[in-house]
Amino acid sequence: PLRLYRGASAKEYEERNYGFSWSTHRNIAWNFAAQRQKAIPAVVLETLAPANAILLKREVEGHCDEGEVVVDPFRLETVQCVERLPKHDTGS
């Protein structure tokens, strides 16, 4: 099993319709969530992905390392929301 994080829309979490790209780094997931929250409420998700859900673990060294792991989201057992970021009001 591999502990993974994903920055996503709150709707993705509520509908349990998860994407394929996750990260081994919580801060990377938070950054993706923060980018989304400019337009919509966003969340940071966490899961313990079983080995049979992992399709690809991308190995990149250096500043481009996002700890990306591609999973089959239909094989994830438990996904929890570990942080909610409210919609950011841009004032426009």
Side-chain angles (χ1 to χ4, degrees):
L2 191 59
R3 185 164 312 279
L4 300 174
Y5 303 93
R6 178 172 169 80
S9 70
K11 183 177 180 182
E12 178 178 317
Y13 177 66
E14 291 160 4
E15 294 180 353
R16 306 285 194 250
N17 187 20
Y18 308 116
F20 291 88
S21 294
W22 292 67
S23 177
T24 55
H25 307 302
R26 183 173 173 164
N27 65 316
I28 296 293
W30 188 92
N31 287 339
F32 277 99
Q35 290 171 6
R36 285 205 161 90
Q37 66 123 196
K38 292 177 183 171
I40 56 176
V43 295
V44 176
L45 305 176
E46 178 181 37
T47 191
L48 191 59
N52 69 349
I54 299 168
L55 303 175
L56 170 73
K57 185 170 187 266
R58 195 164 173 230
E59 301 291 334
V60 177
E61 293 184 23
H63 71 279
C64 293
D65 178 19
E66 293 181 343
E68 184 179 14
V69 178
V70 178
V71 302
D72 177 347
F74 299 104
R75 292 188 177 191
L76 299 178
E77 295 167 5
T78 302
V79 175
Q80 61 186 22
C81 175
V82 293
E83 188 170 354
R84 289 187 178 272
L85 291 79
K87 181 179 174 184
H88 180 70
D89 184 5
T90 60
S92 46

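- Note on Leu48 and Ile54: separate hydrophobic clusters, where clusters join Ile, Leu, Val, Met, Phe, Trp and Tyr whose side-chain heavy atoms are under 4.5 Å apart, directly or indirectly.
- Residues forming a side-chain contact (heavy atoms from CB on, under 4.5 Å) with Glu77 (at least two apart in sequence, or on another chain): Pro50.
- For residues 13-22, the set of pairs meeting the side chain to side chain donor-acceptor pair (under 3.5 Å) definition, not counting sequence neighbours, comprises Ser21-Glu68.
- Under the side-chain contact (heavy atoms from CB on, under 4.5 Å) criterion, Thr24 pairs with Leu2, Leu4, Lys57, Val69, not counting sequence neighbours.
- Hydrophobic cluster membership of Phe32, counting Ile, Leu, Val, Met, Phe, Trp and Tyr whose side-chain heavy atoms lie under 4.5 Å apart directly or via other members: Ile28.
- Among residues two or more places apart in sequence or in another chain, the side-chain hydrogen bond (donor to acceptor under 3.5 Å, both in side chains) test is passed with Arg3 by Glu46.
- Of all non-hydrogen atoms in Ser23 and Glu66, the two that sit nearest each other are OG-O, 2.5 Å.
- Residues satisfying the side-chain contact (heavy atoms from CB on, under 4.5 Å) criterion with Asp72, sequence neighbours excluded, are Leu55, Phe74, Arg75.
- Each salt bridge (charged side-chain N to carboxylate O under 4.0 Å, His left out) pair with one or both residues in residues 18-35, not counting sequence neighbours, appears once here: Arg26-Glu83.
- Ala8 meets the side-chain contact (heavy atoms from CB on, under 4.5 Å) test with Arg6, Glu12, Val43, Leu45; sequence neighbours excluded.
- Judged by distance alone, with hydrogens and angles left aside, the side-chain atoms of Ser9 form no donor-acceptor pair with the main-chain N or O of Ala42 at under 3.5 Å.
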Report task. Please test Leu85 against Val44 for side chain to side chain contact (heavy atoms under 4.5 Å, CB included), starting from the C-alpha separation and ending with a verdict. Result -> CA-CA 8 Å; Leu85 291 79; Val44 176; 4.2 Å; yes
